[in-house]
**Q** 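My questions all concern the structure below.
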Amino acid sequence: MAAFDPLSDHNYICEVMNRNCHDIASEVKYKYIRVQLKAIFSPMTLSRDEGRDRSDYDIMVKICDSAKRLSLSDFSKFVDAIETDNASIAQKIRNKFQELSGRALPSQQKQELPVLNVVKDVPCDFEQTPVLCQSDLQQNRGTLSFLSAQAPATRLELTGLREETRYSMNTSPRGKALIINNEIFQFLSSRDGSERDMEMTIDMFKFLDFEVSVKKNQTSEEMKSSLYNFANDTSLGSVSALAVVIMSHGHSDDTIFGIDGEMIHRAPVNYITKFDCQQSFTGKKCPLMIGKPKLFIIQACRGDEEDQPLTNNPISEAWIRSDSVNRDEVSSDANEGDLQSDGPRLADTADMCFVHSSSLGYKAYRSPTSGSPFIEVLTKNVLDHAHNTEIRDIIQKVQQHFSQTQLGNERMTMPDCNIRLVKPWYLMPPTASTR
């Protein structure tokens with residue numbers, strides 16, 4: 001364990017920032033964390049780094065340079081600020097600091113945990129609700145455990161967190177979900193195994209008491225139409241939350257292909273983008289969901305890079321396929337597109353949570369028989385923990401799993417997230433007895 005040494009800490013911070021500056025500047029929006037940074041940097045520093053008419057990327061490059069001169073305590077606060085916009089980048093910084101220094105970077109956040117009350121087993125008719133419960137009969141009492149086999153035979157109910165301080169999830173149904181699954185393409189390879197992903201996702205949302213609408217094999221224009229119609233569904237006014245799942249082939253710059261998508265002259269055509277999804281559900285475009293949480297799950301490649309394990313311990317399974325287009329068709333210097341746009345105001349894009357199957361620039365993987373490992377692990381963690389765990393922590397559990405798991409043929413993947421939630425979000429599936 002390295003001894004405390006301010007000079008060494010400075011060297012570690014500089015090295016960490018040198019290695020992560022590009023990722024921070026690319027994936028963390030300055031305007032979303034500026035309030036937190038005002039408590040860390042002096043007004044003169046922020047004013048100088050903001051400059052005049054600089055993009056978010058350029059500002060964050062300057063901020064990263066200024067962060068090299070922070071104390072260890074203030075640097076920890078800086079990483080905490082990054083975490084509010086991009087938890088995976090913050091974790092990457094913490095991992096690198098620990099790798100270099102031999103000790104964990106302390107978090108300066110003070111989180112007040114909700115008070116939890118234990119409620120005994122919930123009676124359940126398993127024949128009518130096989131998706132919601134597992135047959136864990138206890139001592140012939142005719143009751144079932146509410147959660148999966150890994151969870152205790154109890155249900156934890158949140159009572160200590162006042163409703164005005166968290167997102168309300170008290171409607172029935174809890175929310176509405178749209179699932180778009182593109183499997184058969186006109187010009188690209190079929191996404192064998194995606195049917196299993198769709199089934200797992202439907203089961204997850206039924207468990208959460210969401211009404212589910214499924215669209216299969218849609219062109220790019222049909223995908224845009226589905227998003228528009230969903231955002232303008234008048235029944236959204238009577239639910240607490242919204243979810244959109246898109247499973248398809250993808251490309252760099254967060255492009256997501258319709259079934260008519262292809263590469264022409266090394267450029268993608270017939271696709272939608274993450275930006276299109278975001279814009280469809282802003283406060284202006286989807287007023288019935290203002291102030292309500294919105295979850296977006298995207299199973300698609302975000303580039304052509306392949307994550308490799310740090311240790312040479314190959315697994316012989318050869319079943320993993322990617323959701324990207326052919327390597328020979330992919331341009332190495334993709335158009336920056338929507339990612340370089342400053343985008344709308346935070347107020348328009350607040351209350352959104354994007355979860356990706358891979359990091360920006362990397363492939364996503366899928367088994368032709370059992371589906372995507374990302375969808376499998378995500379749905380399992382939601383089923384196991386949605387009753388008492390905030391959604392940020394559920395996503396982190398998924399990321400922790402993949403940080404230590406090799407998929408096969410020395411491939412790894414790291415799910416990514418972009419969180420703009422302004423309150424804690426507990427998915428709060430209803431008890432079986434209320435169904």
**Q** For the residue pair Phe210 and Phe205, categorise the inter-ring angle as parallel (less than 30°), tilted (30 to 60°) or perpendicular (more than 60°).
**A**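 Phe210 vs Phe205 ring planes: tilted.
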**Q** Is the shortest distance from a Lys or Arg side-chain nitrogen in Arg34 or Asp56 to a carboxylate oxygen in the other one below 4.0 Å?
**A**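 No salt bridge links Arg34 with Asp56.
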**Q** Inspect the contact between Asp23 and Lys92 and indicate whether a charged nitrogen and a carboxylate oxygen are less than 4.0 angstrom apart.
**A** yes
**Q** Taking atom CD1 of Ile82 and atom CE of Met60, what is their separation to the nearest 0.5 Å?
**A** 5.5 Å
**Q** Walk me through it: do Phe281 and Val244 pass the test side-chain contact (heavy atoms from CB on, under 4.5 Å)?
**A** CA-CA 10 Å; Phe281 298 93; Val244 175; 3.8 Å; yes
**Q** Where does the angle between the aromatic ring planes of Tyr12 and Phe97 fall among parallel (under 30°), tilted (30 to 60°) and perpendicular (over 60°)?
**A**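 Tyr12 vs Phe97 ring planes: perpendicular.
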**Q** Under the side-chain hydrogen bond (donor to acceptor under 3.5 Å, both in side chains) rule, collect the residues that match up with Gln36, sequence neighbours excluded.
**A** Thr84
**Q** Among pairs that include at least one residue of residues 239-249, which meet salt bridge (Lys or Arg N to Asp or Glu O under 4.0 Å), considering only residues two or more places apart or in two chains?
**A** none
**Q** Would you name the heavy atoms of Leu227 and Cys277 that are closest together and state the gap between them?
**A**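 Smallest heavy-atom distance, with atoms named: CD1-SG, 4.1 Å.
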**Q** State whether a side-chain donor-acceptor pair under 3.5 Å links Asn95 with Gln91.
**A**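 Per modelled atom types, Asn95 and Gln91 side chains form a pair under 3.5 Å.
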**Q** So, is the end of the Lys292 side chain (NZ or CZ) under 6.0 Å from the ring centre of Tyr167 and within 45° of the ring's axis?
**A** no
**Q** Kindly say whether Ile89 contributes a backbone atom to a donor-acceptor pair with the side chain of Asn86 at under 3.5 angstrom?
**A**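 Yes, the answer is positive, given that a donor and an acceptor are paired below the 3.5 Å cut-off.
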**Q** May I ask you to say whether Arg19 pairs ionically with Glu15, meaning some side-chain N is under 4.0 Å from a carboxylate O?
**A**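 Answer for the salt bridge query: yes.
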**Q** Between Asp393 and Lys397, does any side-chain N to carboxylate O distance fall below 4.0 Å?
**A**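 Answer for the salt bridge query: no.
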**Q** Kindly give the heavy-atom pair with the smallest separation between Ile184 and Ser190, and that separation in Å.
**A** CD1-OG, 3.8 Å
**Q** In plain terms, say whether Arg366 and Glu376 are close enough for a salt bridge, that is, a side-chain N and a carboxylate O under 4.0 Å apart.
**A**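 Answer for the salt bridge query: no.
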**Q** Can you see whether Ser240 engages Ser168 through a side-chain donor-acceptor pair at a distance of less than 3.5 angstrom?
**A**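 The answer is no; no qualifying pair exists.
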**Q** Could you walk me through whether Cys417 and Gln399 pass side-chain contact (heavy atoms from CB on, under 4.5 Å), step by step?
**A** CA-CA 9 Å; Cys417 64; Gln399 292 175 315; 4.1 Å; yes
**Q** Take Asp233 and Lys176, measure what salt bridge (Lys or Arg N to Asp or Glu O under 4.0 Å) needs, and give me the verdict at the end.
**A** CA-CA 10 Å; Asp233 185 344; Lys176 295 180 71 72; 3.7 Å; yes
**Q** Indicate the ring-plane relationship of Phe354 and His356, choosing parallel, tilted or perpendicular according to the 30° and 60° boundaries.
**A**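 It falls in the parallel class, under 30°.
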**Q** Could you tell me which residues satisfy salt bridge (charged side-chain N to carboxylate O under 4.0 Å, His left out) with Asp85, sequence neighbours excluded, listed by chain and number?
**A**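 Here no residue qualifies.
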**Q** What is the minimum heavy-atom distance between Val61 and Ala25, and which atoms define it?
**A** CG2-CB, 3.7 Å
